[in-house]
Amino acid sequence: MRSLFAMYQRIGLVPLIVIGLVLGVLIGWLAPDIGIALGLLGTLFVGALKAVAPILVFVLVMAAISQHRSGNEVYVKPVLIMYMFGTFLAALTAVGASFLFPTQLVLVNAVIEQVPPANLKEVLTNLLMNLVANPVNAIAEANYIGILAWAIIIGFALRQASDTARTVVGDFSDAISQVVKWVIALAPFGILGLVANTIAETGFAALAGYARILMVLVGCMLFIALVVNPLIVLVKTGKNPYPLVFTCLRESGITAFFTRSSAANIPVNMNLARKLDLHEDTYSVTIPLGATINMAGAAITINVLTLAAAHTLGIEITFASALLLSLVATISACGASGVAGGSLLLIPLAASLFSIPNDIAMQVVAIGFIIGVIQDSAETALNSSTDVLFTAAADPKYAR
C-alpha cells in the first residue's frame with residue numbers, strides 16, 4: 001500500500017485528474033450503467049469539499065487575523081478592485097458578443113421550483129442579511145459572507161487573547177488544512193465519477209439544439225479567461241501573465257468545471273494559493289470572498305441569455321440600455337451566491353429592464369438549466385480560477 005501511495009504522489013495530481021477525466025468519458029460512453037454507479041464517487045467528493053470548506057474558511061481567516069502583526073501588510077483592496085472591474089468587463093464582453101452573434105431562442109415550458117428575486121434591492125438585502133446571520137447557521141448553511149464576517153470579528157477579538165490561545169487556533173487551522181489536502185488528493189476519483197455519470201446520463205445530445213447560445217456563452221468566458229484577465233494581470237504586475245493564468249486554469253479551473261460549485265472549490269483554491277506561496281493573510285480572505293462576489297461568469301450568463309430573449313422577442317437594445325444592463329448584471333452577480341439557483345435566477349431581474357414578461361424570462365431560465373451541464377461548469381471554472389489569479393496578481397511576489 002505504501003508503494004502504491006508513493007507512486008500516486010509521484011505521478012502528480014493534475015496528470016491523475018486528466019487520467020480520471022479520460023476514463024470517466026470512456027466509461028460513461030461505453031458502459032453507461034457503470035458510469036451512473038460511479039457517480040457516487042463524484043457525489044462523495046463534492047460533498048466532502050462542501051463539508052470542509054465552511055470550517056476551513058472560518059478557522060483559517062480567524063487564525064490569520066488573530067496572529068496578524070502590525071506592519072504585515074495585506075493586499076485585499078487591490079484584489080477587490082480587480083474582482084469588480086473584471087466582472088464589469090465580462091458583462092460588457094457578453095453585450096458585445098450578443099450584438100455580434102444575435103441568438104434566437106426556442107422557448108420551453110418548464111417548472112422552476114426556485115423563486116427569483118423581484119428586484120435589485122431584494123438581492124442586496126439578501127446579501128446584507130447574510131452578513132449578520134447567526135454564526136452557527138452561517139457555517140451550517142455555507143453562508144460565506146456570514147462566515148467571513150464572524151471569522152474577522154472573532155479573529156480581532158482573539159488578538160487580545162493569550163499566546164497559548166492563539167497557538168491553539170493556529171494549530172487547529174493547520175489541522176483543517178491537512179484534512180483539505182487529504183480530500184483534494186482524492187480529486188481524480190471524484191472527477192472520474194462526475195464525468196462518467198454526466199456522460200452516461202446526458203450524452204450531451206440534448207444540448208445540440210442550443211449549440212449557438214452555448215458557443216456565445218463559452219466563447220465569452222474563454223475570451224475573459226485568455227484575453228481580458230491576462231491583460232488585467234499584465235497591467236497589475238508588468239509581467240507575462242500567461243504562466244500564472246494557465247496554472248490557475250489547470251489547477252483550479254479543471255476541478256471547478258466538474259464540481260460546478262465555487263464553494264466546493266474554495267479548499268482547492270486555498271491549497272493552490274499556499275502552493276504559490278501567496279500571502280496567507282490576504283488569500284484567506286480574498287478567496288472565500290471571491291467565491292461570493294467575483295462572478296464574471298455569472299455576469300456573462302445573465303447578459304447573454306437576457307439579450308437572447310430580447311432578440312427573440314424583437315426588442316431593440318440601445319447602447320445606454322446595454323450599459324445599464326452591464327451595471328445591473330455586475331451588481332446582481334455579486335449577490336448571486338445568496339440566491340437559490342445562482343446566476344440563472346437573476347435573469348428575470350435583468351429581463352425586467354426591457355419589459356420582458358416574467359413568464360418568458362422563466363422559460364429562458366429553464367433553457368439555462370438545460371444547458372447548465374456546460375454553461376454552469378464553464379462559469380464556475382472561470383469564476384473560481386480568477387479568484388486565485390487576481391489574489392496572486394496583488395501579491396508582492398508577482399505585483400510590481
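Index from 1, following the sequence. As the structure is a prediction and not an experimental result, all values here were calculated from the model.
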**Q** Which heavy-atom pair separates Ile55 from Ile139 by the least distance, and what is that distance?
**A**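 Heavy atoms of Ile55 and Ile139 come nearest at CG1-CG2, 4.4 Å.
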
**Q** Is the number of heavy atoms from other residues, nucleotides or ligands under 6.0 Å of Phe88 CZ greater than 12?
**A**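 Atom CZ in Phe88 is packed in, count exceeds 12.
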
**Q** Nearest 0.5 angstrom please: Leu249 CG to Ser384 OG, how far?
**A**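 If we round to the nearest 0.5 Å, Leu249:CG and Ser384:OG are 10.5 Å apart.
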
**Q** Under a 3.5 Å distance rule, please check whether Ser321 uses its side chain to pair with a backbone N or O of Ile317 as donor and acceptor.
**A**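 Not confirmed, Ser321 side chain does not pair with Ile317 backbone.
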
**Q** Search all heavy atoms of Ala225 against all heavy atoms of Pro230 and return the closest pair with its distance.
**A**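 That would be O-CD, 3.3 Å.
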
**Q** Would Asn197 and Leu38 count as a side chain to side chain contact (heavy atoms under 4.5 Å, CB included) if you check the C-alpha gap in whole Å, the side-chain angles of each, and the deciding distance to 0.1 Å?
**A** CA-CA 7 Å; Asn197 185 65; Leu38 286 175; over 6 Å; no

**Q** Taking ring-ring contact (aromatic ring centres under 6.0 Å, His included) as the test, write out the residues that go with Phe246, two or more places apart.
**A**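 If we apply the ring-ring contact (aromatic ring centres under 6.0 Å, His included) test to Phe246, skipping adjacent residues, the hits are Tyr242.
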
**Q** Please assess Arg274 against Glu280 for the test salt bridge (Lys or Arg N to Asp or Glu O under 4.0 Å), listing each intermediate value before the final yes or no.
**A** CA-CA 7 Å; Arg274 192 177 296 109; Glu280 185 173 345; 5.8 Å; no

**Q** To the nearest 0.5 Å, how far apart are OG in Ser284 and CD1 in Ile65?
**A**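 Output value for this atom pair is 6.5 Å.
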
**Q** Is it the case that one hydrophobic cluster holds both Val57 and Val136, taking links as side-chain heavy atoms less than 4.5 Å apart, direct or via other members?
**A**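 No; Val136 is not reachable from Val57 via cluster members.
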
**Q** Heavy atoms only: give me the nearest Ala361-Ile356 pair and the separation to one decimal.
**A**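 Smallest interatomic distance, heavy atoms only, reads N-CG2, 4.3 Å.
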
**Q** Show the numbers, then the answer: is there a side-chain hydrogen bond (donor to acceptor under 3.5 Å, both in side chains) between Thr282 and Asp395?
**A** CA-CA 8 Å; Thr282 301; Asp395 193 276; 5.6 Å; no

**Q** side-chain hydrogen bond (donor to acceptor under 3.5 Å, both in side chains), that's the test. Do Asn303 and Ser98 meet it? Break it down for me.
**A** CA-CA 8 Å; Asn303 279 7; Ser98 296; over 6 Å; no

**Q** Are Phe189 and Ile36 linked, directly or through other ILVMFWY residues, by side chains that come within less than 4.5 angstrom of each other?
**A**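 In one cluster with Phe189: Ile36, no.
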
**Q** Could you tell me the separation between the CD1 atom of Ile232 and the OG1 atom of Thr386, rounded to the nearest 0.5 Å?
**A**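 Ile232 atom CD1 to Thr386 atom OG1 measures 8.5 Å (nearest 0.5 Å).
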
**Q** Distance-only, no hydrogens or angles: does the Lys236 side chain make a donor-acceptor pair with backbone N or O of Leu231 under 3.5 Å?
**A**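 Not a single qualifying donor-acceptor pair exists.
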
**Q** Around atom CE of Met84, are there more than 12 heavy atoms of other residues, nucleotides or ligands at under 6.0 Å?
**A**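 Yes - once you tally the heavy atoms of other residues, nucleotides and ligands closer than 6.0 Å, there are more than 12.
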
**Q** Would Leu226 end up clustered with Val388 when hydrophobic side chains under 4.5 Å apart are linked, directly or stepwise?
**A**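 Per the 4.5 Å side-chain linkage, Leu226 and Val388 are co-clustered.
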
**Q** Can a donor-acceptor pair be found, under 3.5 Å and without considering hydrogens, that links the side chain of Ser352 to the backbone of Ser355?
**A**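 A pair under 3.5 Å: no.
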
**Q** Any chance you could measure Thr237, atom OG1, to Leu244, atom CG, to the nearest 0.5 Å?
**A**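 CG of Leu244 is found 8.0 Å from OG1 of Thr237.
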
**Q** Between Thr164 and Thr167, do the side chains contain a donor N or O and an acceptor N or O under 3.5 Å apart?
**A**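 Looking only at side-chain atoms, Thr164 and Thr167 do not form any donor-acceptor pair under 3.5 Å.
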
**Q** Quick check: does any side chain N or O of Trp150 sit under 3.5 Å from a backbone N or O of Ala133, one acting as donor and the other as acceptor?
**A**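 The answer is yes, because a donor-acceptor pair under 3.5 Å joins these two groups.
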
**Q** Following the transitive rule for hydrophobic clusters with a side-chain heavy-atom cut-off under 4.5 Å over Ile, Leu, Val, Met, Phe, Trp and Tyr, establish whether Ile315 and Val328 coincide in one cluster.
**A**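 Yes, because Ile315 and Val328 connect within a single hydrophobic cluster, where side-chain heavy atoms sit under 4.5 Å apart.
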
**Q** So, for Gly86 and Ala296, which heavy atoms are closest and what is the spacing to 0.1 Å?
**A**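 Looks like O-CB, 4.3 Å.
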
**Q** Would you say Glu316 has more than 12 foreign heavy atoms packed within less than 6.0 Å of its CD?
**A**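 No - once you tally the heavy atoms of other residues, nucleotides and ligands closer than 6.0 Å, there are 12 at most.
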
**Q** Between Asn229 and Leu389, is there a side-chain heavy-atom distance shorter than 4.5 Å?
**A**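 Counting from C-beta outward, Leu389 and Asn229 do come under 4.5 Å.
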
**Q** Working to the nearest 0.5 Å, report the span between CD1 of Ile293 and OG of Ser262.
**A**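 Ile293 atom CD1 to Ser262 atom OG measures 12.0 Å (nearest 0.5 Å).
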
**Q** Would a distance-only check, ignoring hydrogens and angles, find a side-chain to backbone donor-acceptor pair under 3.5 Å from Arg260 to Thr380?
**A**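 The answer is no, because no donor-acceptor pair under 3.5 Å joins these two groups.
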
**Q** Among Leu56, Leu49, Leu60, find the one that has a side chain to side chain contact (heavy atoms under 4.5 Å, CB included) with Val180.
**A**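 Among the candidates, only Leu56 passes.
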
**Q** Whether the side chain of Ser385 engages the backbone of Gly253 through a donor-acceptor N/O pair (distance < 3.5 Å, no angle test) should be reported.
**A**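 Not at all, since once roles are kept as given, no pair shorter than 3.5 Å links the two residues.
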
**Q** Side chains of Thr301 and Glu379: is there a donor and an acceptor less than 3.5 Å apart?
**A**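 Looking only at side-chain atoms, Glu379 and Thr301 do form a donor-acceptor pair, the distance falling under 3.5 Å.
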
**Q** State whether the side chain of Asn265 and the backbone N or O of Val268 hold a donor-acceptor pair below 3.5 Å, judged by distance alone.
**A**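 No, the answer is negative, given that no donor and acceptor are paired below the 3.5 Å cut-off.
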
**Q** Does Phe354 have more than 12 heavy atoms from other residues, nucleotides or ligands lying within 6.0 Å of its CZ?
**A**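 Buried by this count: over 12 neighbours within 6.0 Å.
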
**Q** To the nearest 0.5 Å, what is the distance between CD1 on Ile184 and CD on Glu251?
**A**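 That separation rounds to 10.0 Å.
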
**Q** Would you say Tyr83's side chain and Thr286's backbone share a donor-acceptor pair under 3.5 angstrom?
**A**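 Checking the backbone N and O of Thr286 against the side chain of Tyr83, a donor-acceptor pair under 3.5 Å is found.
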
**Q** After noting the C-alpha distance and the side-chain angles of Lys77 and Leu80, does the key distance pass the side chain to side chain contact (heavy atoms under 4.5 Å, CB included) rule?
**A** CA-CA 5 Å; Lys77 184 179 176 181; Leu80 293 182; 5.7 Å; no

**Q** Minimum heavy-atom separation for Met295 to Thr87, with atom names?
**A**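 Shortest heavy-atom contact: N-OG1, 3.5 Å.
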
**Q** Hydrophobic cluster membership, with links at side-chain heavy-atom distances under 4.5 Å among I/L/V/M/F/W/Y: are Val227 and Phe390 in one?
**A**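 Yes, Val227 and Phe390 fall within the same hydrophobic cluster.
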
**Q** Give the minimum heavy-atom separation between Tyr283 and Met270, together with the two atoms involved.
**A**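 Scanning both residues completely, I find the closest heavy atoms to be CD1-SD, 3.8 Å.
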
**Q** Please lay out, stage by stage, how Leu305 and Val365 fare under the test side chain to side chain contact (heavy atoms under 4.5 Å, CB included).
**A** CA-CA 8 Å; Leu305 287 174; Val365 173; over 6 Å; no

**Q** Could you go step by step and tell me if Thr93 and Ile300 meet the side chain to side chain contact (heavy atoms under 4.5 Å, CB included) rule?
**A** CA-CA 8 Å; Thr93 298; Ile300 289 170; 5.6 Å; no

**Q** With a sphere of 6.0 Å drawn around CD1 of Ile34, does it hold more than 12 non-hydrogen atoms of other residues, nucleotides or ligands?
**A**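 No.
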
**Q** For Asn294, which of Asn383, Asp387, Thr391 qualifies under side-chain hydrogen bond (donor to acceptor under 3.5 Å, both in side chains)?
**A**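 Exactly one candidate clears the test, Asp387.
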
